[in-house]
Enquirer: 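Mind looking over this structure? Questions follow.
Remember, predicted model here, so these are calculated numbers, not experimental data.
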Amino acid sequence: MVVLAALTACAGPYQYYEGTGLHDATAAEVYGGWENVEGTRVVLRKDGTALLEELDGQDFDFDDGWRLSGKGAWQLTDNDGGQVVRLALTARTRVESRSPSPTADASTPEPPSTYAWSFYVDRDKNDELKLFFFYGDPDIGNTYVMTREGES
């Protein structure tokens, strides 16, 4: 029992998260403009291309403090756990730092020139879609939530 407790002590909600269970979202509902409270903006176009402005890193990459802008591609996927929007940055045009930015040191990696995110797809209490991923320490379970432009 002590071994089991030690093994699960660092297992936050994200580590075992399998998805929202949502399977009814359509690509027509997903494409368009998305934003979050930190000023991030993502436009998912009908043709599968995307524009990103100041999108933070997912998981532990968030802790590096960079925010990426550029062009990319997206697709809506579905698996047993639910639907996911896969977003790939293919052409970075700008890198910014989150304010306040983390203390930079020699071990802080350079921001990536390409990057991939997996946004879980869910519905809010008004049945509107929202997209989210987890960031930072998985034991905490912080979510980075994107809502339709004009709804936040």
Enquirer: Do T40 and Y144 have side-chain N/O donor and acceptor atoms under 3.5 Å apart?
Expert: yes

Enquirer: Among Ile, Leu, Val, Met, Phe, Trp and Tyr joined by side-chain contacts under 4.5 Å, find the other residues sharing a cluster with F60 and list them by chain and number.
Expert: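 When side chains under 4.5 Å apart are linked, F60 ends up in no cluster with other residues.
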
Enquirer: By side-chain hydrogen bond (donor to acceptor under 3.5 Å, both in side chains), which residues pair with T49, not counting sequence neighbours?
Expert: D47

Enquirer: Partners of D122 by salt bridge (Lys or Arg N to Asp or Glu O under 4.0 Å), sequence neighbours excluded?
Expert: none

Enquirer: Looking at every non-hydrogen atom in both residues, tell me the closest pair between V95 and P111 and how far apart they are.
Expert: CG1-CG, 3.6 Å

Enquirer: Considering only heavy atoms from C-beta outward, does the side chain of L129 approach that of W34 to under 4.5 Å?
Expert: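 Yes. Closest side-chain heavy atoms under 4.5 Å.
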
Enquirer: Which residues pass the side-chain contact (heavy atoms from CB on, under 4.5 Å) test with T93, not counting sequence neighbours?
Expert: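 Expected list: S69.
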
Enquirer: Could you pull out all residues at least two apart from R123 that satisfy salt bridge (Lys or Arg N to Asp or Glu O under 4.0 Å)?
Expert: D24, E29, D127

Enquirer: Once salt bridge (Lys or Arg N to Asp or Glu O under 4.0 Å) is applied, what residue pairs with a partner in residues 74-89 remain, sequence neighbours excluded?
Expert: none

Enquirer: So, using ring-ring contact (aromatic ring centres under 6.0 Å, His included) as the criterion, who are the partners of Y115 when residues are at least two apart?
Expert: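 For Y115 the ring-ring contact (aromatic ring centres under 6.0 Å, His included) partners, ignoring immediate neighbours, are W66, W117.
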
Enquirer: Could you pull out all residues at least two apart from E96 that satisfy salt bridge (Lys or Arg N to Asp or Glu O under 4.0 Å)?
Expert: R94

Enquirer: Going by the rule salt bridge (Lys or Arg N to Asp or Glu O under 4.0 Å), which residues pair with R67 if we only count those two or more places apart in sequence or in a different chain?
Expert: E54, D56

